[in-house]
Amino acid sequence: MVYLMKSECREGTWYKVGYTTNLVQRLVPYFTHNPQAKLVETAKTQRKTRHTLEIAIHNEIQAMGYNFKVAKNGSITEWFFVPAEQEKEFEHKGLAQFKAMKGRTIYKVA
């Protein structure tokens with residue numbers, strides 16, 4: 001399952017795109033360390049398409065001009081920031097793919 005979660009702050013919202021086979025187990029640490037975190041959307045996937053779907057979503061987000069956070073060790077994380085003044089546009093465009101997939105099983109990504 002590919003999921004999208006968010007954590008709001010005054011300046012905007014941090015979003016995360018990730019993949020898990022056990023959503024509850026995966027989200028518990030986030031909610032423990034960040035009580036403001038919220039699950040936004042999920043999309044069921046077959047195991048063989050999960051990375052394709054996750055990468056497609058990452059590419060769409062980057063094409064919209066949002067960059068993923070870089071960790072202290074230099075690796076790119078799955079978190080990206082949307083400034084408050086851009087949230088409505090992001091929710092309209094960026095969340096469209098997740099909203100269209102909600103509750104459906106994804107077998108392949110075009």
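Sequence positions, counted from 1, serve as the residue numbers for this chain.
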What are the two closest non-hydrogen atoms of Gly12 and Glu87, and how far apart are they? CA-OE2, 3.5 Å

Leu4 to Leu39 - nearest heavy-atom pair and separation: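 Reported closest heavy-atom pair: O-CD1, 3.6 Å.
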
In this structure, CH2 of Trp14 is separated from CG of Asn34 (nearest 0.5 Å) by 12.0 Å

What distance separates Glu89 CD from Met64 CE, expressed to the nearest 0.5 Å?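 If we round to the nearest 0.5 Å, Glu89:CD and Met64:CE are 6.0 Å apart.
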
Just jot down the ring-ring contact (aromatic ring centres under 6.0 Å, His included) partners of Phe80, sequence neighbours excluded, or say none.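 Partners of Phe80 by the ring-ring contact (aromatic ring centres under 6.0 Å, His included) criterion, ordered by chain and then number, come out as Tyr15, Phe68, Phe90.
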
If you count every heavy atom of other residues, nucleotides or ligands that lies below 6.0 Å from Glu85 atom CD, does the total exceed 12?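 More than 12 within 6.0 Å, yes.
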
Taking atom CD1 of Ile76 as the centre, report whether more than 12 heavy atoms of other residues, nucleotides or ligands fall under 6.0 Å from it.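 12 or below, so no.
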
Do Pro83 and Tyr66 make a side-chain contact, defined as non-hydrogen atoms from C-beta onward lying under 4.5 Å apart? yes

Are the side chains of Tyr19 and Glu78 in contact, using a 4.5 Å heavy-atom criterion?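 No, side chains not in contact.
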
Holding to side chain to side chain contact (heavy atoms under 4.5 Å, CB included), I want the full list of residues that pass it with Tyr30, two or more places apart in sequence or in another chain. Tyr3, Met5, Lys16, Arg26, Leu27, Trp79

Between Thr32 and Val28, is there a donor-acceptor pair closer than 3.5 Å when you use the side chain of the first and the backbone of the second?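 Indeed, once roles are kept as given, a pair shorter than 3.5 Å links the two residues.
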
Residues Val17, His58; criterion side chain to side chain contact (heavy atoms under 4.5 Å, CB included); working and verdict: CA-CA 8 Å; Val17 176; His58 285 187; 3.6 Å; yes

